[in-house]
Amino acid sequence: MDKTKQHSRLFMILNCLALGIIAMNLTAPVHEATHLLTQMLAGAKPEVLAFGCAGTVEGTATANLDSVFWKIMFSGSAALMNILIGTILLIVLKKCRLGPLSRPLVLLTTIMHYSMGFGYFLRDFFLYDPDPAPNVEQGDWAKVLENFNGNIVLRIAMLIVGALGILFVFYIAWRQAYHFISDNNDKKERNRVASALYLFPYLCNAVVFTLVELRGPVARASMESFLIISPIINIFGMIGFFWGYMFVAHMVKPRKDNVYYFSICDEKKPVLWIAAVAVILFDALVLCPGIYL
């Protein structure tokens with residue numbers, strides 16, 4: 001590989017890493033802000049908004065939290081919002097003209113929202129504990145399940161919705177990648193595009209955001225909860241990126257139809273890289289420690 005091609009591939013990877021960091025910041029804070037706003041609508045007094053959590057003062061909600069609506073929405077609204085946003089972004093991918101930077105950004109953000117939304121249904125089916133330890137925080141939909149006393153019908157519904165949703169994420173990741181692949185039968189090109197688009201951002205975000213969240217309220221309050229929640233969200237919760245890479249590069253036959261639009265931007269984009277670093281610094285210094293209200 002000559003130096004020009006090496007530089008082009010490096011720049012494509014760096015651009016995708018930067019887009020992945022930005023996409024995560026268009027996903028996780030939105031999830032937490034939805035928690036905060038929903039609980040404020042229930043009359044609760046806001047306390048903190050952070051990258052990995054949001055909180056209101058316990059016992060201050062004025063709404064009837066025993067109603068079916070608030071039993072679901074008080075803890076479960078954020079995952080539903082992720083699914084809604086993921087659906088809107090998927091429509092944008094299908095209907096709108098996007099460029100070699102904007103299209104990967106929208107795709108990454110779509111997958112992250114869907115992964116976070118459907119992931120809570122699937123993970124909390126398995127992680128729900130009817131008798132949790134006092135210092136362990138249950139997941140969003142485990143709390144919903146707790147509100148319904150572990151209702152088995154609801155739990156099975158969570159499994160079905162979560163499993164089908166995550167399979168849909170795998171399908172989106174596999175299918176959408178071919179818009180950046182000019183020759184579907186060129187395994188080297190598939191590997192090059194899928195690793196830049198999915199694998200490297202997944203590994204980078206898993207490490208970076210797990211470390212950054214060590215400064216967050218959850219880690220400070222209970223390292224035990226942090227060691228459960230953060231890896232589950234950042235590593236297992238975004239596993240669709242890993243399987244997207246595997247399906248495109250190695251495991252699944254390529255699409256028969258050529259749907260190539262353009263290659264992912266492989267030019268030097270220092271402004272984008274600086275923006276991604278600035279976002280990480282903002283997360284580490286401001287958003288992860290928490291904005292107390």
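Throughout, numbering of the chain's residues begins at 1 and tracks the sequence.
- Ring pair His250/Tyr245 is perpendicular by interplanar angle, where above 60° counts as perpendicular and below 30° as parallel.
- Between Leu107 and Tyr198, the closest heavy-atom pair is CD2-OH, 3.6 Å.
- The only member of Val169, Leu203, Leu108 that meets side chain to side chain contact (heavy atoms under 4.5 Å, CB included) when paired with Phe241 is Leu108.
- Shown here for Asn258 and Ser182, the closest heavy-atom pair between the two residues is ND2-O, 2.9 Å.
- When atom types are taken as modelled, the side chain of Asn15 and the backbone of Glu267 share a donor-acceptor pair closer than 3.5 angstrom.
- Across Met112 and Gly20, no two heavy atoms sit closer than the pair CE-O, 3.4 Å.
- Ring geometry for Tyr202 versus Phe242: interplanar angle of 30 to 60°, hence tilted.
- Checking side-chain atoms of Asp266 against main-chain N and O of Met12 turns up no donor-acceptor pair under 3.5 Å.
- Between Tyr261 and His179, the two ring planes are parallel [angle under 30°; tilted spans 30° to 60°].
- Classified by interplanar angle (parallel below 30°, tilted 30° to 60°, perpendicular above 60°), the ring pair Phe74/Trp70 is perpendicular.
- The heavy-atom pair separating Leu101 from Pro104 by the smallest distance is O-CD, 3.3 Å.
- Using a 30° and 60° split on the angle between ring planes, Trp174 and Tyr171 fall in the tilted class, from 30° to 60°.
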Enumerate, atom names and distances included, each donor-acceptor pair closer than 3.5 Å involving a side-chain atom of residues 157-166, sequence neighbours excluded.
none

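- Phe247 and Phe170 have perpendicular rings, their planes meeting at more than 60° on a 0 to 90° scale where under 30° would count as parallel.
- Between the side chain of Ser102 and the main chain of Gly99, a donor-acceptor pair closer than 3.5 Å is present.
- The minimum heavy-atom distance between Val30 and Ile85, with the atom names listed, is CG1-CD1, 3.6 Å.
- Residues Val248 and Tyr178 come closest through the heavy atom pair O-OH, 3.8 Å.
- Listed by chain and number, the residues in a side chain to side chain donor-acceptor pair (under 3.5 Å) with Gln138 amount to none (sequence neighbours excluded).
- At a threshold of 4.0 Å, the pair Asp186-Lys188 does not count as salt-bridged, since none of the basic side-chain nitrogens sits closer than that to a carboxylate oxygen.
- Proximity of a side-chain donor or acceptor of Arg190 to a complementary backbone N or O of Asn184 within less than 3.5 Å is detected.
- Evaluation of the side chain to side chain donor-acceptor pair (under 3.5 Å) rule for Ser263 yields Tyr260 as partners, not counting sequence neighbours.
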